[in-house]
Amino acid sequence: MKNTPLVRKLGTFVALTDVEHSVLETLHRRRRTFVAGRDLVHQGQSDQAAYILASGWACSYKILQDGERQIIDVHIPGDFLGLRSVLLHMSDHSIEPITDIEVSEVLVGDLLDAFGKTPRLALAVLWAASREEAMVVEHLVDIGRRSAIERMAHFLLELGARLALVGLGSKGGYQCPLTQYLMADALGLSAVHVNRVLRQLREEGLVSFRDGFVIIENYDRLVDFAGFDDAYLDHGGPLLA
């Protein structure tokens with residue numbers, strides 16, 4: 001349990017005790033699997049559970065009236081899925097597995113019981129939710145003010161930092177199952193434009209993406225190019241001992 005992606009992530013905020021590890025373990029009792037492409041949460045759905053993503057990748061998205069899709073976020077192991085929707089009793093977006101995934105199903109009663117037993121764990125989950133809100137702010141800046149190539153560079157760096165936190169990536173690169181169509185829906189670009197900016201980044205000797213693997217050729221130059229400041233990800237170390 002101590003080496004799971006969720007524990008690695010929450011441990012960035014609080015140094016978890018054995019009791020808190022035990023409570024977290026109870027949240028993983030109900031395991032479920034979903035195949036790629038089969039929504040586990042539908043927009044407008046009510047009375048659902050939240051999920052902890054144990055393995056695989058997923059995305060949150062909204063479908064517009066004209067059928068266009070906007071991916072709100074990409075989820076990696078250690079992320080909560082649908083937490084806000086459970087608390088608000090209605091999902092304002094859908095969640096689709098990008099790959100086959102394994103999740104732990106968490107009911108509202110499970111959460112309230114866990115938070116009642118371990119208030120510091122509740123603070124850690126609040127921290128994780130606040131961090132996700134900070135990422136949404138950066139994504140808004142991406143779409144509103146960054147150029148397409150800067151947007152892509154920032155997106156790849158953020159994914160790398162998130163994956164490194166849970167032991168699934170490094171500054172040198174990481175496995176990435178995203179297609180160019182998924183990147184397009186996440187970044188507000190066309191698939192053709194995504195292909196073009198990836199080629200530009202490769203030709204600049206900054207980053208390459210092939211065979212499902214992102215290779216960061218020059219991390220410092222890529223950070224400078226994207227204007228990437230990872231302070232919003234809050235990876236500085238436990239704030240609560």
Side-chain angles (χ1 to χ4, degrees), residues 1-35 38-61 72-136 162-163 165-168 232-241:
M1 186 68 211
K2 293 184 179 181
N3 290 318
T4 63
L6 177 63
V7 169
R8 282 174 178 262
K9 185 167 78 171
L10 295 184
T12 302
F13 177 77
V14 57
L16 297 169
T17 65
D18 288 341
V19 171
E20 288 157 349
H21 280 295
S22 178
V23 171
L24 271 178
E25 192 166 357
T26 66
L27 295 180
H28 287 76
R29 288 175 299 185
R30 284 183 294 276
R31 290 292 184 117
R32 297 187 62 185
T33 58
F34 292 87
V35 299
R38 176 194 168 194
D39 285 356
L40 63 157
V41 175
H42 299 278
Q43 187 171 326
Q45 182 177 332
S46 60
D47 300 324
Q48 83 241 15
Y51 302 91
I52 299 168
L53 185 56
S55 65
W57 289 42
C59 67
S60 298
Y61 70 93
I72 302 164
D73 200 5
V74 173
H75 302 290
I76 62 171
D79 286 354
F80 273 96
L81 309 178
L83 181 60
R84 182 179 76 254
S85 301
V86 167
L87 297 176
L88 297 179
H89 307 296
M90 178 72 73
S91 178
D92 61 356
H93 61 271
S94 299
I95 300 175
E96 175 188 332
I98 293 169
T99 66
D100 293 349
I101 63 173
E102 182 179 9
V103 299
S104 296
E105 186 179 58
V106 183
L107 304 180
V108 175
D110 299 331
L111 282 174
L112 295 178
D113 184 57
F115 293 166
K117 290 178 179 176
T118 54
R120 292 189 345 144
L121 186 59
L123 283 175
V125 173
L126 177 61
W127 167 84
S130 299
R131 177 174 170 269
E132 290 177 8
E133 183 178 349
M135 287 192 291
V136 170
R162 292 172 61 196
L163 288 162
L165 180 67
V166 296
L168 296 174
Y232 71 98
L233 294 173
D234 197 18
H235 290 178
L239 299 180
L240 295 179

- Task: Check whether any side-chain N or O of S22 sits under 3.5 Å from a backbone N or O of D18 as a donor-acceptor pair, and report yes or no.
- Result: no
- Query: Taking all atoms of both residues into account, what is the closest heavy-atom pair of L168 and P77, and its distance?
  - Reply: CD1-CG, 3.8 Å
- Message: Could you report the tightest heavy-atom contact between L107 and A49, atom names first, then the distance?
- Response: CD2-CB, 3.7 Å
- Item | Closest heavy-atom pair and its distance - H21, V7 | CE1-CG1, 3.3 Å
- Heavy-atom distance under 4.5 Å between the side chains of R29 and D110, does that happen here? yes
- If you measure only the distance, is there a donor-acceptor pair under 3.5 Å linking the side chains of E20 and T17? yes
- Looking at L16 and L10, what are the two nearest heavy atoms and their distance? CD1-CB, 4.4 Å
- Item | Heavy-atom pair with the smallest gap, counting every atom of G78 and L6 | O-CD1, 3.3 Å
- Take L165 and L233 through the side chain to side chain contact (heavy atoms under 4.5 Å, CB included) test and state the conclusion after the steps. CA-CA 10 Å; L165 180 67; L233 294 173; over 6 Å; no
- Report yes if some heavy atom in the side chain of S60 is under 4.5 Å from a heavy atom in the side chain of I95; otherwise report no. yes
- Query: Any side-chain heavy atom of I101 within less than 4.5 Å of one from L40?
  - Reply: yes
- K9 side chain near D79 side chain, heavy-atom distance below 4.5 Å: yes
- When the ring planes of F13 and W127 are compared, do they come out parallel, tilted or perpendicular, using 30° and 60° as the limits? parallel
- From R30, R31, R32, residue fulfilling salt bridge (charged side-chain N to carboxylate O under 4.0 Å, His left out) relative to E102: R31
- Is T99 reaching over with its side chain to a backbone N or O of G56, donor-acceptor style, under 3.5 angstrom? no
- Atom pair CZ (R162) and CD (E132), whose distance is rounded to the nearest 0.5 Å: 7.5 Å
- Query: Taking it one step at a time, do V125 and L83 satisfy side chain to side chain contact (heavy atoms under 4.5 Å, CB included)?
  - Reply: CA-CA 10 Å; V125 173; L83 181 60; 3.8 Å; yes
- Query: Taking atom types as modelled, is there a side-chain donor on S91 or H42 under 3.5 Å from an acceptor on the other?
  - Reply: no
- Would you say F115 and L126 make side-chain contact, with heavy atoms under 4.5 Å? no
